[in-house]
Structures are given as structure tokens and as C-alpha cells.
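Notes follow the structure.
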Amino acid sequence: MSDQELTPLARLRRALDQRVAAGDRTIVLDQQLLSDDKPTTAVESPSLVPASQVGMAIPVEADFASLTEHNEAICNCLKCPLGKTRTKFVYGVGKPTARAMFIGEAPGADEDRLGEPFVGRAGQLLDKILAAMQLDRTQVYIANILKCRPPGNRDPLPEEMNECFPYLREQIRLIKPELLVGLGRIAGQALLQTKTPLGKLRGRWHEYEGIPLLVTYHPAALLRFPEYKKETWKDMQLVMARLGVSR
Ligand code: URA
Ligand code: URA
């Protein structure tokens with residue numbers, strides 16, 4: 001949608017969202033933001049006008065109305081250095097009202113190129129797992145802890161996860177899934193705020209903010225260690241039982 005088609009309020013909202021995505025924590029309401037005829041389009045440096053001169057500072061941990069709106073607001077994020085090296089921002093894919101949400105670690109090379117999570121080799125295995133569960137990627141929702149690819153597929157850094165995690169949390173708030181599946185150690189440990197090894201996290205239900213969470217092996221790990229598939233399948237049966245899916 002072009003800025004011209006937006007109502008003044010929607011235009012203000014978009015301008016604020018862009019500043020939030022650029023990393024601003026406090027935004028001063030100034031003439032530039034409020035201007036009707038001069039849409040704020042890009043990420044600009046925060047206004048230096050003192051709040052006392054123009055009125056209020058707006059708290060920016062906003063609740064969005066939809067996944068699409070949220071994605072649009074954050075897709076130019078530069079909060080951490082991965083924003084400079086990414087090809088595409090990988091927001092997430094699936095059904096906005098999914099009952100189950102699968103959460104991985106971070107985009108890899110294929111995801112970075114295509115802008116969709118789990119589309120490489122690990123993703124193809126995830127599709128097979130979903131098929132075995134009588135599901136597919138249009139019925140569930142798939143996202144990652146990080147929305148941008150760490151160069152060379154290194155592990156996400158704690159600062160990157162801290163900056164990015166609020167995005168996932170807002171996705172979960174909008175989707176309201178009945179359950180979460182954490183794929184791999186990084187996702188499981190980030191969601192549970194623990195350092196417990198994956199082998200001790202998997203196989204039973206946990207909770208993330210009141211939502212049942214199961215943690216299992218990452219599909220990429222299953223490609224390297226096929227012997228973990230059996231336990232992964234046990235984990236997925238716990239998920240199916242909770243969803244009331246049988247096969
Ligand atoms: N069935 C669905 O339609 N969606 C889910 O997320 C899980 C089961
Ligand atoms: N691995 C992940 O954790 N996420 C992806 O999207 C792809 C590979």
C-alpha cells in the first residue's frame with residue numbers, strides 16, 4: 001500500500017513502526033511524524049526535539065493488529081548487525097490461526113535467499129515430519145527465533161536473540177497457538193530461558209507463557225544423526241495426541 005492510500009493515523013502508525021524497527025526505544029512525537037503531506041518513509045535518526053517541547057513520548061512495544069502489519073513494520077529491522085548482511089528478512093509462514101506453531105533457530109542460506117523459513121534440506125525433512133503428522137505447512141505456522149541469517153550459519157549470538165525475540169513473542173500473541181514445538185537446542189533453550197541440554201528438554205511438555213511447549217530435535221540434526229528420528233517421532237506423537245490428530 002502506498003503512503004497516499006493510508007489514513008493519517010495509519011501513516012503515523014507506519015512511521016512509528018519503522019522507527020521501532022530501526023531500533024528506537026522512545027519516539028518523540030514531532031512535526032515530521034505528524035505531517036500529512038510529507039510521509040515519513042524511511043528509517044531516520046530519532047528526533048532530537050526535547051519531549052517537553054512537543055508533548056509526549058510514545059511507548060513502542062506495540063501490539064499489532066495482524067501478522068501482515070507486524071511483518072511490514074519490522075521487515076527493515078536494523079536492531080542488530082544481521083540486518084546489514086541479510087538478503088531477505090524471514091518473518092514466518094503458515095496459517096495465521098494455526099493450532100500448532102513450529103519454531104526453529106534462524107534462516108540458513110536458502111531461507112535468506114527466498115524469505116521463507118525451512119525451505120532448504122532441513123525444511124524438506126520438516127515437511128515430511130508434518131506429513132507424517134497428517135499436517136502440512138499451510139495448516140501450522142513456522143517461524144524462527146532469529147529473522148535474519150547469521151553469516152556462515154553460525155549459532156545466533158545472545159544479543160541477536162535478545163533483540164529479535166520480541167518479534168517472535170508478538171507472532172505468538174497474534175497467532176494464539178494451542179501449542180508450540182521448539183525445533184532444536186537453540187529454540188528450546190531460548191523459549192525456556194534455560195541452558196539445559198536438548199536431550200533433557202525433549203520428550204515432555206513444558207510451558208512458554210502459559211502455552212504448552214514441546215522441544216524436539218532440529219530436522220538438520222536428524223539429517224546428520226538419523227538415529228534421533230525415532231525419538232523425534234515419539235515427541236511428535238505427543239503433539240498429535242494434544243491436537244487430537246490420529247493416524
Ligand atoms: N491442525 C491444523 O489445522 N493446524 C494446526 O496447527 C494443527 C493441527
Ligand atoms: N534451520 C532453521 O532453524 N530455520 C530455518 O528456517 C531453516 C533452517
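We count ligands from 1, going down the list as the structure has it; atoms in each ligand are counted the same way.
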Report task. Compare every heavy atom of R137 with every heavy atom of E116, then report the nearest pair and how far apart it is. Result ->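 Smallest heavy-atom distance, with atoms named: OE2-NH1, 3.0 Å.
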Query raised in the report: Looking only at heavy atoms, which two atoms of L168 and N144 are closest? And how far apart?
Result: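 Heavy atoms of L168 and N144 come nearest at CD1-O, 4.1 Å.
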Query - Close-range residues for ligand 2, whose non-hydrogen atoms fall below the 4.0 Å threshold - result: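 Lining ligand 2 at under 4.0 Å, by heavy atoms, one finds G104, E105, A106, E111, P117, F118, N144, H218.
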Requested in this report: Would you please classify the geometry between the F89 ring and the Y91 ring as parallel, tilted or perpendicular, with 30° and 60° separating the classes?
Outcome: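 If you compare the ring of Y91 with that of F89, the planes turn out parallel.
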Query raised in the report: Once you round to the nearest 0.5 Å, how far does NZ of K229 lie from NZ of K234?
Result: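 Rounded to the nearest 0.5 Å, the NZ-NZ separation comes out at 16.0 Å.
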**Report entry** Qualifying residue, where the test is side chain to side chain donor-acceptor pair (under 3.5 Å) with R202 and the options are T216, D235, T232
**Finding:**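 Between R202 and the candidates, side chain to side chain donor-acceptor pair (under 3.5 Å) is satisfied uniquely by D235.
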Query - side-chain contact (heavy atoms from CB on, under 4.5 Å) partner of L179, the single match among L238, L243, L214 - result: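 Of the listed residues L238, L243, L214, the side-chain contact (heavy atoms from CB on, under 4.5 Å) partner of L179 is L243.
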